[in-house]
Amino acid sequence: MPSAVLLRPPQAPTTRPGAPRRTRVLALAEARWAALATLAFLIALPLQLTGAPAWAWGPLYALAYVAGGWEPACSGLRALTERTLDVDLLMIVAALGAAAIGQVMDGALLIVIFAGSGALEALATARTQDSVRGLLALAPSTATRLAGDGSERCVATADLVVGDIVLVRPGERVGADGRVLAGTSDIDQATITGEPLPVAKEPGDEVFAGTLNGTGALRIEVERDAGESVIARIVAMVAEASGTKAPTQLFIEKVEQRYAVGMVAVTLAVFVIPLLFGAELTRSLLRAMTFMIVASPCAVVLATMPPLLSAIANAGRHGVLVKSAVVMERLGQVDTVALDKTGTLTEGAPQVTAVRPLPGPDRDEESLLTWAAAAEHPSEHPLARAIVAAARARGLFLPAAEEFAASPGTGVRATVGGTRIDVGAPARLLPAGHPAAADVGALVTTLEDGGHTAVLVLRDGVPAGVLGIADRLRPGAAATVAALRTLTGRAPMLVTGDNPRAAARLATEVGITDVRAGLLPQDKVGAVREQETAGRRVLVVGDGVNDAPALAAAHTGIAMGRAGSDLALETADAVIVRDELATVPAVITLSRAARRLVTQNLFLAGAFISGLVLWDLLGDLPLPLGVLGHEGSTVLVGLNGLRLLRDTAWRRAAATPGAP
């Protein structure tokens, strides 16, 4: 059996047994009732419009009323018992009032709109709860605790206390936040810091719960209880930041309450006052129902939703999933952008970006890359995969490696064509007193100052050259940064857990001056809140678990979809499905266009409703004319909002970010 197979570390499972699953849409009662109401409405509407008898479409409309209206009606009645008038109950009353005077379709449309909105809200809440539970599954449920006599015991990670010593074997996840006491290894901590490459750990270095150990064994002293770990704090910050959006919702509820109370009061007055002056009961009732219809906010609802929903549909066709109309509206309000580095501005995968052979016979770029790739071929380290991929991209033939051995935190050694090849960290492979240390050191410093990870290649103990490995910039990243600067009036921030030199190099390439590097998740949240304290509306664009708290804390969050973590995708308000960074300024511009259409539609709807209400109160508005005006305004604002469905709207937004 090849040594590469014998030395291969055990693979971490992609999912833990018992890990929570995503809530299915139809598992929610709100979604099932909304779907039934919508289906009944969509079947009844064409039957009515084609002149089918009432017995054919009437029961279907009745089903839509019952399926979509019973829950808000019950909720509204419960609110009444608490002396609160719920706007949902008002809409149910308006729908029943419309049905009472023969406008059954109007009422059913109101029911369907409100049922669908409730279902979307319930789904968003359930998915966020799923993702937070899934985050907790990153940390292992058990750990190997070492006793004073050296014996081992498997215990629940929740039972670990500060001062315990745990053993983390190759391929296992770290069970607690702590510090390395003994052993060396490479740890993939992208879930916490976002760094694209595993980080070498040795005695004295800090490690985090939930991160993945490489090929070495580590003894770690626990420094934080399970509830205080970085992973646990991420969960708490996501929940806390999501809760900070409640004041806006409370303000909307206050507006709805006032409108509902006012509309009911005026409707009753329109009915009662004429009776006091001797008017006929039937005439007063008809006038009150006419008022109920013309004052119904159908046009206002449609004034707001079609532009936003059209923008959502258009963005979806071009690879941007915006989760709600509220999100689409908020995107147009951002005035500051914070961008993650790894997986957002970059592709998130290390690649060989420099091949630097040292002077000597038979030393050129192809030879150096061939030796390194042949030696690294049996390894599963991300840097090894990058080196092998670079050699294959050049079409190089890789001879078989023999006597392969990997040393955690140092590199690999193998015999290639009878020659011993060492590939790894320059500081570990080359002693300070080596004759070539000065030349190699200068080359390594140059590469590292440029933001590369330097990898030294030795041939029979003699330095042959150095490889530079870095994360590749996404195509169009610089153009996206420039477009965002035009949109917001200020250059985006770079917030990353990566090292400062790599962050500075990338920031220079794309034109960012405000660089925040070496950040943990709570530090990213702090950077966002610092901007929001200054009165700015921050958009965060990221992809990892470590970005989730900042995505939740921001005014709006966008996640990169292809490699994004489940928590980031669920926490974010929008997802770039195809990882096309240029769609960020485009969707912001599209949102601003939608907000302008919303303003236009609200003006039109307000003008129609005000005119019809005044006519009914001060004059004698015929019911057919009131219905015609109400429906006409609804159709007008609806058609105006659908303008953003056209592909030209997206092309205009993508071509001219920030254009009015």
Side-chain angles (χ1 to χ4, degrees), residues 9-21 128-193 198-199 201-241 408 497 520-523 525 544-546 548-549 552 565-567 570-571:
Q11 297 297 300
T14 55
T15 57
R16 280 178 46 192
R21 297 181 179 179
T128 300
Q129 292 172 348
D130 290 345
S131 61
V132 171
R133 287 194 299 268
L135 175 59
L136 291 174
L138 284 175
S141 58
T142 61
T144 302
R145 184 168 62 190
L146 301 178
D149 59 1
S151 61
E152 301 178 5
R153 183 181 178 186
C154 183
V155 299
T157 52
D159 295 335
L160 293 175
V161 297
V162 175
D164 282 350
I165 309 299
V166 296
L167 173 65
V168 182
R169 292 185 170 87
E172 292 182 346
R173 288 194 179 272
V174 179
D177 287 6
R179 198 164 298 275
V180 178
L181 292 180
T184 58
S185 185
D186 292 322
I187 288 188
D188 181 355
Q189 54 187 34
T191 54
I192 302 298
T193 66
V199 178
K201 297 293 183 179
E202 57 186 17
D205 290 338
E206 185 178 20
V207 294
F208 305 106
T211 55
L212 183 62
N213 188 25
T215 56
L218 298 175
R219 293 180 180 234
I220 297 170
E221 181 180 4
V222 177
E223 292 188 337
R224 297 189 190 97
D225 292 332
E228 296 297 323
S229 69
V230 173
I231 282 286
R233 281 184 284 168
I234 290 176
V235 174
M237 284 187 291
V238 170
E240 178 186 355
L520 289 174
Q522 58 266 33
D523 301 322
V525 172
V545 167
N546 59 306
S565 68
D566 286 344
L567 185 67
E570 296 296 347
T571 304

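Between R179 and E221, none of the side-chain N atoms (NZ, or NE/NH1/NH2) sits under 4.0 Å from a carboxylate O, so this pair counts as no salt bridge.
The only option from D205, V166, V180 that meets the side chain to side chain contact (heavy atoms under 4.5 Å, CB included) definition with L218 turns out to be V180. R145 pairs with exactly one of V222, L167, I165, L160 by the side chain to side chain contact (heavy atoms under 4.5 Å, CB included) rule, that one being L160.
Closest heavy-atom contact between A548 and T571: O-CG2, 3.5 Å. P521 and P549 get closest at one heavy-atom pair: CB-CG, 4.2 Å. Contact detail for A182 and P203: the closest heavy-atom pair is CA-CG, 4.1 Å. Scanning all heavy atoms of the two residues, the minimum distance from V174 to F208 falls at CB-O, 3.4 Å.
From T215, atom OG1 reaches atom CZ of R169 across 15.0 Å, with rounding to the nearest 0.5 Å. Between the OG1 atom of T157 and the CG atom of D225 there is a distance of 11.5 Å, given to the nearest 0.5 Å.
K201 contributes a side-chain N or O that, together with a main-chain N or O of E206, makes up a donor-acceptor pair within less than 3.5 Å. Between the side chain of N213 and the backbone N or O of E172 there is no donor-acceptor pair closer than 3.5 Å. Looking only at distances, a side-chain donor or acceptor of D177 sits under 3.5 Å from a matching main-chain atom of A209.
In this structure the side chain of R173 never reaches within 4.5 angstrom of the side chain of T211, judged on heavy atoms. Taking 4.5 Å as the limit, every side-chain heavy atom of V199 sits out of range of all side-chain heavy atoms of I187.
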